*Asks:* 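One structure, pasted below without further comment.
Fair warning: this is a prediction, and the values are worked out from it, not measured in the lab. Atoms considered below: every heavy atom in the structure, side chains included; atoms not considered: hydrogens, waters and symmetry mates.
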Amino acid sequence: MSFIKKRPVVFDYVQIIVGASLIGLSFNIFLLPSRIAAGGISGVSTILYELFGYNPAYVQWLINIPLIALGLLLAGKEFSAKTVVGTFFVPFVIYLTSGLQLSVDTPLLSSIYGGIMLGIGLGIVYRGNGSTGGTALIAQLLKKYTGISSGFSQLIVDGIVVVTSAFVFNFELALYALMSIYVTSKVIDFVQLQTSPTKLVLIITDHEEKIQSVIQNEIDRGLTKVKSTGGYSNNEKTMILCVVEQSEAVYLKKLLQTAEPSSFVIFLNASEILGLGFSKAKVHR
């Protein structure tokens, strides 16, 4: 049973389109003119543009089409129409704004400003429960079939692109690309939760069964229940501990605000997680 209230689906698509527009603009204004291949399909298109002069919008479409087909076959219900919209719209905006003359020629500023705008765009897309496809989908599939975390999967995929850019351009620009990726990750986190990617969630509640159902059925994560006593009321309560990834934390926050708004919820940064579901694959009994 889902506890989240229905909201207009159109609003999700508006967020995806707005976020995708910012992603496309960050590419044309900051990243491409400064030759910063900050991971992902956009980084691949930047490299191919440098080597062969291929139009980045066409390259991104051509790469994403087979990825969309692969996602439909392998990811199943996890691959939604929202992902298709986000995947299509980013190169569409890149195509429409290819003639903009607003580029910043300093690589350092381009990596920072491009990372900020890219992070804001991706954060808005994620808030709309969407995706921009590309290497994020590859990372998702790596997670699905290898058991490694989505964050580490994304790091592997983006790392390959950045290392390649070091040989195509130079190592200095590759370092700027790494800087841009770092800025992007922090801005995404700020837009969504204002915290870091992996979260320890502490929930103090009188309705432990309801919260447990939300976490297990909606988020598909394990949890630990600890009996506790309220310092003010001296009433017995349950403290639930759960570790989730960034996108899951955003969704869990919405669920808890709707299903059990009276519970006391804390999101904490988790620096390193070991165990089933994170460093090892989940086991469903």
*Asks:* I want to check something: taking the side chain as every heavy atom from C-beta on, are Val168 and Thr164 in contact at a cut-off of under 4.5 Å?
*Replies:* yes
*Asks:* Do Leu62 and Val93 share a hydrophobic cluster (ILVMFWY, side-chain heavy atoms under 4.5 Å, transitive)?
*Replies:* no
*Asks:* So do the side chains of Ser180 and Ile112 get within less than 4.5 Å of each other, counting heavy atoms only?
*Replies:* no
*Asks:* Under the salt bridge (charged side-chain N to carboxylate O under 4.0 Å, His left out) rule, what pairs show up with a residue in residues 14-36, not counting sequence neighbours?
*Replies:* Arg35-Glu50
*Asks:* Using distance only, find each side-chain donor-acceptor pair of residues 37-47 under 3.5 Å and give its atom names and separation, not counting sequence neighbours.
*Replies:*
from	atom 1	to	atom 2	distance (Å)
Ser42	OG	Gly39	O	3.4
Ser45	OG	Ile41	O	3.4
Ser45	OG	Ser42	O	2.7
Ser45	OG	Gln60	NE2	3.2
Thr46	OG1	Ser42	O	2.8

*Asks:* For the residue pair Leu241 and Leu223, establish whether any side-chain heavy-atom pair is separated by less than 4.5 Å.
*Replies:* no
*Asks:* Return the minimal non-hydrogen interatomic distance between Ala166 and Ala174, and the atom names on each side.
*Replies:* CB-CB, 3.6 Å
*Asks:* I'd like to check Ser110 versus Tyr176 (side-chain heavy atoms, cut-off strictly below 4.5 Å). Are they in contact?
*Replies:* no
*Asks:* Verify the cluster assignment for Phe171 and Met179: are they in a single hydrophobic cluster under the rule of side-chain heavy atoms below 4.5 Å apart?
*Replies:* no
*Asks:* Return yes if a side-chain donor-acceptor contact under 3.5 Å exists between Thr97 and Asn28, otherwise no.
*Replies:* yes
*Asks:* Check the pair Ile16, Phe89 against side-chain contact (heavy atoms from CB on, under 4.5 Å), reporting the backbone distance first and the verdict last.
*Replies:* CA-CA 9 Å; Ile16 292 169; Phe89 215 83; over 6 Å; no
*Asks:* Looking at Thr83, is its backbone amide N or carbonyl O close enough to the side chain of Thr87 to form a donor-acceptor pair, meaning the two atoms are under 3.5 Å apart?
*Replies:* yes
*Asks:* Indicate yes or no for a side-chain donor-acceptor contact from Ser98 to the backbone of Tyr95 under 3.5 Å, with no hydrogens or angles considered.
*Replies:* yes
*Asks:* Should we count OH of Tyr113 as having more than 12 external heavy atoms under 6.0 Å?
*Replies:* no
*Asks:* Please answer whether the main-chain N or O of Leu108 pairs with a side-chain N or O of Ser111 as donor and acceptor at a distance below 3.5 Å.
*Replies:* yes
*Asks:* Which pair of non-hydrogen atoms, one from Pro56 and one from Ile94, has the smallest distance, and what is that distance?
*Replies:* CB-CG2, 4.5 Å
*Asks:* When rounded to the nearest 0.5 angstrom, what distance separates CG in Leu48 from OH in Tyr58?
*Replies:* 15.5 Å
*Asks:* Checking side-chain contact (heavy atoms from CB on, under 4.5 Å) for the pair Leu22/Leu118: CA distance, chi angles, key distance, verdict?
*Replies:* CA-CA 7 Å; Leu22 290 176; Leu118 181 59; over 6 Å; no
*Asks:* Does any part of the side chain of Tyr126, heavy atoms only, come nearer than 4.5 Å to the side chain of Ile188, both counted from C-beta?
*Replies:* yes
*Asks:* Return the CE to CD1 distance between Met117 and Ile23, rounded to the nearest 0.5 Å.
*Replies:* 11.0 Å
*Asks:* Would you kindly say whether Thr238 and Lys227 are connected by a side-chain donor-acceptor distance under 3.5 Å?
*Replies:* yes
*Asks:* Check the pair Leu252 / Val214 against side-chain contact (heavy atoms from CB on, under 4.5 Å), numbers first and verdict last.
*Replies:* CA-CA 8 Å; Leu252 179 60; Val214 170; 4.1 Å; yes
*Asks:* Report yes if the side chains of Phe264 and Ile266 come closer than 4.5 Å at any heavy-atom pair, otherwise no.
*Replies:* yes
*Asks:* Asn235 versus Thr229: any side-chain heavy-atom pair under 4.5 Å?
*Replies:* no
*Asks:* Between Pro33 and Phe27, which heavy-atom pair has the shortest distance, and what is it?
*Replies:* CD-O, 3.7 Å
*Asks:* Distance from Arg127 atom CZ to Leu122 atom CG, nearest 0.5 Å?
*Replies:* 14.0 Å
*Asks:* Rounded to the nearest 0.5 Å, what's the gap from CD1 on Ile219 to CD on Glu245? Could you check?
*Replies:* 11.0 Å
*Asks:* Using a strict 4.0 Å threshold on nitrogen-to-oxygen distance, state whether Lys253 and Glu248 make a salt bridge.
*Replies:* no
*Asks:* Once rounded to the nearest 0.5 Å, what's the spacing between atom CD of Glu208 and atom CD1 of Ile215?
*Replies:* 11.0 Å
*Asks:* I'd like to know if Leu109 and Ile29 are part of one continuous hydrophobic network [Ile/Leu/Val/Met/Phe/Trp/Tyr, side-chain heavy atoms within less than 4.5 Å].
*Replies:* yes
*Asks:* Does Ile204 share a hydrophobic cluster with Val226, counting links as ILVMFWY side-chain heavy atoms below 4.5 Å and allowing steps through other members?
*Replies:* yes
*Asks:* How close do Ser263 and Ile211 get, counting heavy atoms only, and between which atoms?
*Replies:* OG-CD1, 4.0 Å
*Asks:* May I ask you to decide if Lys254's main-chain N or O and Thr258's side chain share a donor-acceptor pair within less than 3.5 Å?
*Replies:* yes
*Asks:* Cluster partners of Ile181, using ILVMFWY side-chain heavy atoms under 4.5 angstrom, listed by chain and number?
*Replies:* Val162, Leu175, Leu178
*Asks:* Roughly how far, to the nearest 0.5 Å, is the CD1 atom of Ile17 from the CG atom of Asp12?
*Replies:* 11.0 Å
*Asks:* Suppose we call two aromatic rings close when their centres sit under 6.0 Å apart. Are Phe88 and Phe92 close by that rule?
*Replies:* yes
*Asks:* I'd like to know if the side chain of Thr205 and the backbone of His207 have a donor-acceptor N/O pair within less than 3.5 Å.
*Replies:* yes
*Asks:* Looking only at heavy atoms, what is the nearest atom pair of Gln212 and Ile240, with distance?
*Replies:* N-CD1, 4.5 Å
*Asks:* Should Ile203 and Val201 be marked as a side-chain contact (heavy atoms from CB on, under 4.5 Å) after you check the CA-CA gap, both sets of side-chain angles, and the distance that decides it?
*Replies:* CA-CA 6 Å; Ile203 307 168; Val201 187; 3.8 Å; yes
*Asks:* In this structure, would Leu173 and Phe167 fall into the same cluster of hydrophobic residues linked by side-chain contacts under 4.5 Å?
*Replies:* no
